[in-house]
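What follows is a short report on a single structure.
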Amino acid sequence: MLLISRIRENHEEIIERLKTRGLDMSEIVNNILTVDANARRTRNEMESAQAESNQLAAQIGKLIKEGKKDEAESIKNRTSELKTSVKELSEKVQGLENQLKELLYTIPNTPNVSVPRGKSADDNKEVKKVGEPKQLTQKLPHWELAAKYGIIDFDLGVKLTGAGFPVYRGKGARLQRALIQFFLDEGYKNGYTEVQPPLMVNEASGYGTGQLPDKEGQMYHVGVEDLYLIPTAEVPITNMYRDVILKEGDLPVKNCGYTPCFRREAGSYGAHVRGLNRLHQFDKVEIVQIVKPEDSYGVLEDMSDYVQSLLDKLGLHYRVLLLCGGDMGFTSAKTYDMEVWSPAQEMWLECSSVSNFETFQTNRLKCRFKNEQGKTELAHSLNGSALALPRIVAAILETYQTENGIVVPEVLRSYTGFDIID
RNA sequence: GGUGAGAUGGGUGAGUGGCUGAAACCAGCAGUUUGCUAAACUGCCGAACGGGUAACCGUUCCGGGGGUUCGAAUCCCCCUCUCACCGCCA
């Protein structure tokens with residue numbers, strides 16, 4: 001949620017920035033300004049009525065103590081008048097403030113100045129490409145390799161649960177576990193504190209990171225207990241800092257965590273969801289940072305570099321995209337996507353997304369810190385996948401396939417305990 | 001699932017109708033003093049919103065919502081959550 005104070009001060013600039021997303025929000029922004037002015041004026045009226053009423057109530061108390069009952073009674077008439085007008089005004093204020101909130105919820109984050117204009121993925125800017133597409137003598141897609149070596153069983157998952165819930169077995173399961181461990185160890189080496197959060201969250205957490213109210217349909221809902229299965233570790237890990245005032249010395253907060261992620265992915269179908277490309281349950285290691293505002297863009301680059309270092313170590317061909325305004329998430333001010341090359345499908349697969357949310361999340365979360373002047377100030381929040389497993393597994397299987405089997409990348413061997421899947 | 005207790009500021013925890021935005025203690029900040037990785041003493045120390053250049057002023061907030069009252073942390077109703085004991089159980 002954008003800060004109302006920022007809209008008051010810089011509404012022209014905000015409208016301009018939002019054009020980067022291909023949106024014209026001028027009408028809504030102007031609407032907000034009117035409603036806000038209205039709400040403030042009404043609130044002022046209400047507060048002065050309350051102030052008078054409070055004062056009179058204090059007087060009455062005093063008079064009663066002094067035994068001047070008659071005087072007290074005469075003042076009571078005036079306070080009951082005030083009481084009704086306070087009630088009316090407060091209802092009006094509440095109405096206006098709700099209206100304001102509704103309007104604010106509809107405005108996405110303002111893209112940073114470095115974000116390119118654009119409407120769709122076609123307008124994303126490739127900022128880096130590392131490696132070359134692997135030249136393969138055999139070129140089987142990962143789902144065929146998975147079947148050939150018996151490491152991932154999609155049909156069995158359908159039997160147990162449904163499409164999008166694969167069963168990993170044998171070396172497939174070990175490879176999964178190796179990747180998770182590798183990513184967590186790398187995170188630890190880079191100063192991230194590991195967290196094992198709950199896999200279900202309550203409604204308040206859903207609102208905190210913005211999954212609720214609009215993206216309700218994306219999450220699995222456990223009705224009996226009214227809880228949601230997490231779509232990403234970002235939800236519980238970021239919500240740890242909901243309603244928290246950090247000390248300046250606590251920043252930067254650097255957390256990483258492995259969790260399974262659950263996504264309904266309603267409406268997805270077709271060839272691009274084949275195999276591991278899109279699942280309802282998948283594993284991911286997430287990194288989250290809470291930082292001082294002036295540091296957040298430097299940290300975004302650090303996090304992006306860190307994610308790239310993982311892909312480098314795995315020896316995969318990848319590229320880094322700076323997302324254009326139209327392709328960025330609602331809450332992000334700047335996002336880099338990392339896409340890994342799938343040599344058999346001959347397409348790029350998104351495997352990480354690193355974003356700076358500035359105060360968009362922390363405003364709703366009320367995640368603040370006390371700055372040097374002793375003032376509480378909203379922190380900036382960032383997160384990124386480091387990394388999401390399925391597409392990495394797909395890329396590894398396809399990239400390292402040989403006639404003799406799939407060669408395990410060097411860095412994983414101490415974790416897997418084997419160097420070839422055959 | 002059953003029974004009982006509770007929800008107060010960064011933490012512990014007083015407070016049963018006006019003098020309480022809230023005692024005390026701890027933590028934190030500033031200073032004084034003695035000086036060796038510290039003690040003693042003094043002062044400050046919640047948040048949000050609005051107004052003012054500022055000092056400052058006003059309003060709201062004691063789990064959430066509603067009610068009684070001139071006046072509610074304190075009384076009444078509803079909800080949520082937490083804890084303890086019992087039952088069940090990885």
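All of these numbers come straight from a predicted model, not from anything done at the bench. A, B, ... follow the sequence lines: proteins, then strands. Residue 1 opens every chain.
Using a 4.0 Å heavy-atom distance criterion, A/Leu56 is classed as making no nucleic acid contact. Within 4.0 Å of A/Thr376, counting heavy atoms only, lie sugar-phosphate atoms of the nucleic acid but no base atom. Residue A/Ile75 is classed as having no contact, given no heavy-atom separation below 4.0 Å to the nucleic acid.
Considering only residues two or more places apart in sequence or on other chains, A/Glu97 meets the salt bridge (charged side-chain N to carboxylate O under 4.0 Å, His left out) condition with A/Arg43. The side chain to side chain donor-acceptor pair (under 3.5 Å) search around A/Thr42 returns none, not counting sequence neighbours. With sequence neighbours excluded, the residues forming a side chain to side chain donor-acceptor pair (under 3.5 Å) with A/Lys292 are A/Glu248, listed by chain and number. A/Glu398 pairs by the side chain to side chain donor-acceptor pair (under 3.5 Å) definition with A/His142, A/Ser342, not counting sequence neighbours.
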N/O contacts under 3.5 Å, protein versus nucleotides 62-69 of chain B?
none

### Summary
Dot-bracket assigned to RNA chain B with the 3.5 Å Watson-Crick/G-U criterion, [ ] for crossing and | for other-strand pairs, is ((((((((.[[[..)..(.....]]].(((((.......))))).((((((....)))))).[[[[[..)....]]]]])))))))....

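Counting only N and O atoms by type, the side chains of A/Glu234 and A/Gln361 include a donor and acceptor under 3.5 Å apart.
With hydrogens and angles disregarded, no donor-acceptor distance shorter than 3.5 Å links the side chain of A/Arg368 to the backbone of A/Thr376.
Proximity of A/Asn54 to the phosphate of B/rG18: no side-chain N or O atom is located under 4.0 Å from OP1 or OP2. Contact annotation: A/Arg40 does not reach the phosphate of B/rU59 (side-chain N/O to OP1 or OP2, under 4.0 Å).
Aromatic ring centres of A/Tyr306 and A/Tyr192 lie closer together than 6.0 Å.
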